Number of protein chains: 2
Amino acid sequence: MNLKELARKLDLSPTTVSRALNGYPEVNEATRERVAAAAKRYNYKPNTRAIRLATGRAMAMGHVIPVATRHEIVNPVFADFIAGAGEVYSRNGYDMLLSVVPDDSEERAYRELKSRGTVDGVIVHAPRMNDPRIALLTEMQIPFVVHGRATGAAHPYSWVDVNNRRAFQRATEFLLDLGHRRIGLMNGLEFMDFAIRRRKGFEEALAARGLTPDPAIMVSEEMTESAGYRVGLAMLALPQRPTAIIASSMIMGLGLRRAIEERGLRMGRDVSVIIHDDELSYMRNGDDLPIFTATRSSVREAGRQAADMLIGLITGRLASPCEMLLEAELIIGQSTGPCPH
Amino acid sequence: MNLKELARKLDLSPTTVSRALNGYPEVNEATRERVAAAAKRYNYKPNTRAIRLATGRAMAMGHVIPVATRHEIVNPVFADFIAGAGEVYSRNGYDMLLSVVPDDSEERAYRELKSRGTVDGVIVHAPRMNDPRIALLTEMQIPFVVHGRATGAAHPYSWVDVNNRRAFQRATEFLLDLGHRRIGLMNGLEFMDFAIRRRKGFEEALAARGLTPDPAIMVSEEMTESAGYRVGLAMLALPQRPTAIIASSMIMGLGLRRAIEERGLRMGRDVSVIIHDDELSYMRNGDDLPIFTATRSSVREAGRQAADMLIGLITGRLASPCEMLLEAELIIGQSTGPCPH
DNA sequence: AATCACATTCAAACCGCTTTGAATGGCTTC
DNA sequence: GAAGCCATTCAAAGCGGTTTGAATGTGATT
């Protein structure tokens with residue numbers, strides 16, 4: 001069932017039927033209702049391909065996922081972010097297009113999306129410092145929103161980010177208030193923008209109390225269970241071991257907890273731990289009450305916001321450099337306690 | 001730059017240019033080269049929207065992700081599967097379309113994909129027993145491939161799956177060979193098809209040695225760290241505790257390990273553990289040598305195979321009920337050892 | 001020299017929708 | 001009663017490709 005057929009059944013021109021369905025004002029209300037009824041009855045759904053060609057809009061948003069040829073790492077927060085963004089796209093009639101490309105041909109992927117007109121806009125994932133994609137997309141005039149920020153970008157750009165600095169600052173302050181003075185930082189790899197900001201927040205909180213961070217207990221590593229374990233063991237083996245540690249992810253925290261327990265210590269009593277919790281759906285921080293004290297911020301919600309912003313930019317509802325800073329919540333769990341004397 | 005323009009520059013008709021670029025035989029070789037050169041020079045990329053309308057093919061594959069309104073669970077293997085499938089799509093000129101929908105309107109989502117013609121085929125994720133989607137898609141005549149199988153499906157259908165039964169059978173045999181007799185099973189929720197098969201493999205291996213499975217040490221739970229921990233603790237607290245446990249996922253295994261260590265036992269010596277390892281990129285089973293003995297099978301590879309199969313079905317390279325059973329590898333790690341006397 | 005087969009090329013229709021610009025007809029207004 | 005206005009409706013021209021069926025030119029065949 002297509003427009004022409006439907007029009008014939010209704011004894012109307014395709015023009016009028018199209019307008020009736022798209023809410024144009026110059027259609028008689030009675031006619032509009034007749035059309036709507038027929039459309040429902042014959043289960044008419046306008047062909048997406050035709051709409052796209054006619055309007056010149058793709059009604060789709062792109063997410064380019066670079067797959068490192070070496071590391072093969074798929075960002076673990078990715079699935080949840082996508083789920084959030086996808087919800088919003090669906091609600092607004094947009095499709096979500098994923099483009100998985102080797103990371104050395106990311107630029108080509110964007111150029112193709114543009115020249116073939118497959119998408120109306122894109123979301124940039126996992127920005128790094130001085131991320132080249134921002135200049136590229138700006139120059140190509142593809143509307144885009146960055147999930148996170150890219151320190152050192154020359155052009156203004158739109159983004160949705162968690163206040164990582166503030167989150168880690170608060171976490172650190174919380175530990176300081178509990179009396180901790182030797183606090184360790186188990187950060188993600190510091191070419192990622194968010195890791196840099198977290199470190200900054202951590203250092204600022206210490207500095208505000210006149211403390212200087214000790215490089216021996218500040219580590220930047222891949223955010224895996226085994227790295228958490230390894231680094232945890234190392235920190236706890238120091239002559240002056242930290243009484244509290246902040247870890248950059250739930251999964252790192254699990255490794256850290258293992259290290260703590262293996263050394264015969266108890267988390268929350270002997271060593272306090274705060275993690276950052278992205279609220280990944282397959283990795284919950286406890287079912288009812290949280291296992292870890294955490295700075296919590298939903299990646300899925302960030303996905304929703306980013307998608308909404310992108311749609312806003314494209315439809316003109318929002319003006320171009322559009323920024324949204326989400327604050328993380330500090331959740332008190334069982335992994336923190338006062339500094340043991 | 002579009003076809004008409006390019007044709008004008010070449011002093012050819014759009015017909016010939018189109019054919020030259022699409023490799024039709026009735027084009028003079030010299031002309032073809034001239035066209036190819038011009039296309040490259042002017043960076044001509046045919047407009048996807050136009051191709052789609054003209055050919056009636058969407059050149060896109062759909063993945064419908066139901067988002068449970070209550071549980072909000074995004075399948076953790078999803079990201080890696082997608083990465084694998086996406087690679088293959090890209091290589092073959094297909095787009096990957098993700099549709100995130102509330103799980104009560106999944107059927108509607110499929111119907112829309114069909115009637116709007118947005119995709120040429122779909123991949124069905126996480127099949128359950130008697131999964132209704134198989135009948136639905138068959139009836140709707142949408143080409144599809146299931147990742148996994150759905151016991152009890154009335155129609156034949158195409159699928160790519162890991163031999164879960166065989167994997168768990170082998171894992172169980174391996175433990176039996178090590179002398180274990182009380183073996184626990186920490187399974188996923190048994191409305192998922194793969195969980196049912198795993199249980200079957202486990203029971204068959206026991207039965208083959210004349211052992212009857214003890215329901216007290218066979219648990220079906222969500223595959224989370226905390227479930228692994230909780231169930232682990234419970235099993236180990238039994239008067240006749242198991243000397244070995246098979247866990248359905250890496251993440252469950254982490255929880256189990258924690259339980260073991262918390263009870264002052266050592267994994268691999270006091271309690272042997274085998275997990276199933278999907279080789280998720282953000283959750284590796286050890287960097288160099290594996291932490292857990294595991295039945296290993298790459299979800300990403302399954303994604304590649306499924307995508308390739310779907311393309312094959314659509315292009316006619318493959319005939320319809322097409323099946324592919326991937327065997328899991330048994331990886332020996334440090335988590336298993338002989339049964340303590 | 002006429003006929004034919006073959007290799008190339010092209011004009012035009014088509015895919016299914018949107019959108020422009022014109023047409024229709026009823027109702028006011030002068 | 002003519003002119004003007006407004007509310008509706010429509011025919012036709014896109015959008016940018018693919019594809020059908022016809023046209024053209026060439027050399028071989030008779």
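Computation of the quantities below employed the complete heavy-atom set of this structure, encompassing side-chain atoms and omitting hydrogens, waters and symmetry-equivalent molecules. Just so we're clear, the structure is a prediction, and the values are computed from it rather than from any experiment.
A search for salt bridge (charged side-chain N to carboxylate O under 4.0 Å, His left out) contacts involving A/Asp120 returns nothing, not counting sequence neighbours. Evaluation of the salt bridge (charged side-chain N to carboxylate O under 4.0 Å, His left out) rule for B/Arg133 yields B/Glu106, B/Asp131 as partners, not counting sequence neighbours. For the salt bridge (charged side-chain N to carboxylate O under 4.0 Å, His left out) test, no residue two or more places apart in sequence or in another chain qualifies with B/Glu5. Taking the salt bridge (charged side-chain N to carboxylate O under 4.0 Å, His left out) definition, one finds that B/Arg52 meets it with B/Asp95, sequence neighbours left out.
Within the structure, the salt bridge (charged side-chain N to carboxylate O under 4.0 Å, His left out) test picks out the following pairs touching residues 145-162 of chain A (sequence neighbours left out): A/Arg149-A/Asp161. Applying the salt bridge (charged side-chain N to carboxylate O under 4.0 Å, His left out) definition to pairs two or more places apart or across chains, those involving residues 19-36 of chain A are A/Arg19-A/Glu26, A/Glu29-A/Arg32. Contacts classified as salt bridge (charged side-chain N to carboxylate O under 4.0 Å, His left out) and involving residues 38-48 of chain A (residues at least two apart or in different chains) are not found.
In this entry the distance linking CZ of A/Arg116 with P of D/dG17 reads 10 Å, nearest Å. B/Leu12 places its CG atom 13 Å from the P atom of C/dT8, with the value rounded to the nearest Å. C/dC14 atom P lies 16 Å from atom CD of A/Glu5, rounded to whole Å. The CE-P distance, from B/Met59 to D/dT18, rounds to 11 Å in whole Å. When rounded to the nearest whole Å, the span between CZ of B/Arg8 and C1' of C/dT9 equals 18 Å. One can place CG of A/Asn28 at 11 Å from P of D/dC10, the figure rounded to the nearest angstrom.
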B/S/- contact track for nucleotides 15-21 of chain C, protein heavy atom under 4.0 Å: BBBBBBB
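Note on the helix from C/dA1-D/dT30 to C/dC30-D/dG1: terminal axis deviation equals 70°, with five pairs used at each end and the result rounded to 10°.
Taking only side-chain nitrogens and oxygens, B/Thr31 comes nearer than 4.0 Å to OP1 or OP2 of C/dT9.
A salt bridge does not link A/Arg91 to A/Asp308: none of the charged nitrogens lies less than 4.0 Å from a carboxylate oxygen.
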